[in-house]
Amino acid sequence: MNGILTEPAHYAVIMLPASYFFFRRKKYLRLAIVVFTVMLSKSSIGYIGLILILILPLFKVKYFIKYSWLVIIVLGSSIYYISTQWNKSVDENDSNLLVRRLKETNESLNAINSGKFKEYTNLSSYAFISNAFVAKEIIMKTPIGAGLGGYQYEYDKFYKKIKPPKYLVTLKLSKINRTDANSLFLRLIGDFGILAVVFLLYFFYVSFSLFQKDKKIIRQSTFFYLIVKLIREGHYFPPEFYFFLLIFLKDFDEDITHS
């Protein structure tokens, strides 16, 4: 996929609704083909979307009750194991990889409050967390946000508070995603403040209501595109965005939207 498309992650996100649709309709051959192409994209955000497609049905009451014992066992075992390893020294060669990554993530997340990054912070983590820091500063200064298109100008004001890893400064990547915030969620918060929070609450309310209806498969499928867009990609006008948003919001008759 990297040889065909300039943005493999964008392809992976667009294919998530199709993955969910084929999964729910039990068209496993078509599902396998689509999932295979998403895997070829090597996109972490695409993988997250596929995981959501698998686990979201478990949040229905009847499924949760049925499988809650398994969830409790897995979560309990994981928490216990991590707690026994947490206080051990971190060594790149000998320490547990999972615990080391969790500790590094925890330290990186502290930068949302301080703006100070460890030298080993990778580019992807820095891109998201540095913009989360800026969005936090904007909403603290102006609860109603910076206004449509104002994020990048506020970014320039708050960038002086950020202490990026030196290697990113050398590579001139310390202002990565300055214009789009790396995440639609962060950009909405920066531009619209508490109004964005209201919008997000409405989005999750509609989503919760929608997944209570088993027959609304097409509308449900667009949720996975939209939720991943909130996590990643801060552009307001990608060509397919409003197409999926309209399907998500409008209660179309499914018999005429798919033949």
Side-chain angles (χ1 to χ4, degrees), residues 2 5-14 16 38 41-49 51-52 101 104-142 145-193 195-197 199-200 203 224-242 244-245:
N2 287 288
L5 297 174
T6 57
E7 288 289 347
H10 190 63
Y11 168 84
V13 173
I14 290 175
L16 291 177
V38 173
S41 72
K42 299 179 182 179
S43 166
S44 58
I45 201 68
Y47 299 159
I48 291 173
I51 292 172
L52 286 174
R101 291 299 186 189
E104 290 175 356
T105 300
N106 181 59
E107 291 176 353
S108 297
L109 289 175
N110 290 333
I112 294 177
N113 292 320
S114 66
K116 300 177 182 178
F117 290 85
K118 300 290 185 179
E119 285 302 315
Y120 56 72
T121 304
N122 63 59
L123 180 60
S124 296
S125 297
Y126 173 79
F128 181 83
I129 296 171
S130 62
N131 282 283
F133 172 80
V134 171
K136 181 207 71 173
E137 292 293 314
I138 291 174
I139 199 170
M140 287 180 65
K141 176 186 175 183
T142 312
L148 182 63
Y151 179 85
Q152 59 184 313
Y153 304 108
E154 293 298 313
Y155 184 100
D156 293 336
K157 295 178 183 178
F158 293 113
Y159 175 75
K160 65 183 73 171
K161 294 185 178 182
I162 300 175
K163 293 185 178 180
K166 292 180 181 178
Y167 81 94
L168 291 180
V169 176
T170 302
L171 295 172
K172 298 182 179 180
L173 292 173
S174 61
K175 291 188 177 182
I176 188 170
N177 295 118
R178 164 185 169 272
T179 57
D180 65 10
N182 186 253
S183 160
L184 187 57
F185 167 73
L186 294 178
R187 190 173 181 185
L188 287 170
I189 291 293
D191 281 354
F192 301 106
L195 294 178
V197 176
F199 162 76
L200 292 170
F203 169 73
F224 298 97
Y225 167 86
L226 294 171
I227 192 66
V228 168
K229 289 291 287 186
L230 284 173
I231 299 171
R232 190 73 168 81
E233 297 187 22
H235 303 294
Y236 283 139
F237 300 104
E240 77 291 339
F241 177 73
Y242 294 97
F244 285 125
L245 183 62

Can you name the closest pair of heavy atoms from [X] and [Y] and give their distance?
X      : Y      : result
Arg187 : Gly234 : NH1-O, 2.9 Å
Phe203 : Ile227 : CE2-CD1, 4.0 Å
Ile129 : Ala111 : CG2-CB, 3.9 Å
Ala12  : Gly46  : CB-CA, 3.9 Å
Ser130 : Tyr155 : OG-OH, 4.5 Å
Val13  : Tyr225 : CG1-CD1, 3.4 Å

Taking only residues two or more places apart in sequence, or in another chain, which ones meet Lys161 in a salt bridge (Lys or Arg N to Asp or Glu O under 4.0 Å)?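 Per chain and number, Lys161 pairs via salt bridge (Lys or Arg N to Asp or Glu O under 4.0 Å) with Glu137.
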Should [X] and [Y] count as side-chain neighbours, where that means a heavy-atom distance under 4.5 Å?
X      : Y      : answer
Tyr236 : Asp180 : no
Ile231 : Phe185 : no
Asn177 : Phe128 : no
Tyr151 : Leu186 : no
Phe158 : Lys141 : yes
Leu245 : Leu226 : yes
Arg178 : Asp156 : yes

Between Lys136 and Ile112 (side chain of the first, backbone of the second, donor and acceptor by atom type, cut-off under 3.5 Å), is there such a pair?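 Present.
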Distance in Å, [X] [atom1] paired with [Y] [atom2], rounded so as to fall on 0.5 Å steps:
X      : Y      : atom1 : atom2 : answer
Glu154 : Thr142 : CD    : OG1   : 6.0 Å
Leu184 : His235 : CG    : NE2   : 10.0 Å
Ile14  : Ser41  : CD1   : OG    : 11.5 Å
Lys229 : His10  : NZ    : NE2   : 5.5 Å
Ile138 : Phe133 : CD1   : CZ    : 10.5 Å

Sequence neighbours left out, cut at 3.5 Å: what donor-acceptor pairs do the side chains of residues 164-175 make with other protein atoms?
{"residue": "Tyr167", "atom": "OH", "partner": "Thr121", "partner atom": "O", "Å": "2.6"}
{"residue": "Thr170", "atom": "OG1", "partner": "Lys166", "partner atom": "O", "Å": "3.1"}
{"residue": "Ser174", "atom": "OG", "partner": "Tyr159", "partner atom": "OH", "Å": "2.6"}

Dump the intermediate steps for side chain to side chain contact (heavy atoms under 4.5 Å, CB included) on Leu230 and Leu200, then the final yes or no. CA-CA 10 Å; Leu230 284 173; Leu200 292 170; 3.8 Å; yes
Tyr153 atom OH: more than 12 heavy-atom contacts under 6.0 Å: no
Using the test side-chain hydrogen bond (donor to acceptor under 3.5 Å, both in side chains), find all partners of Tyr126 that sit at least two apart in sequence or belong to another chain. none
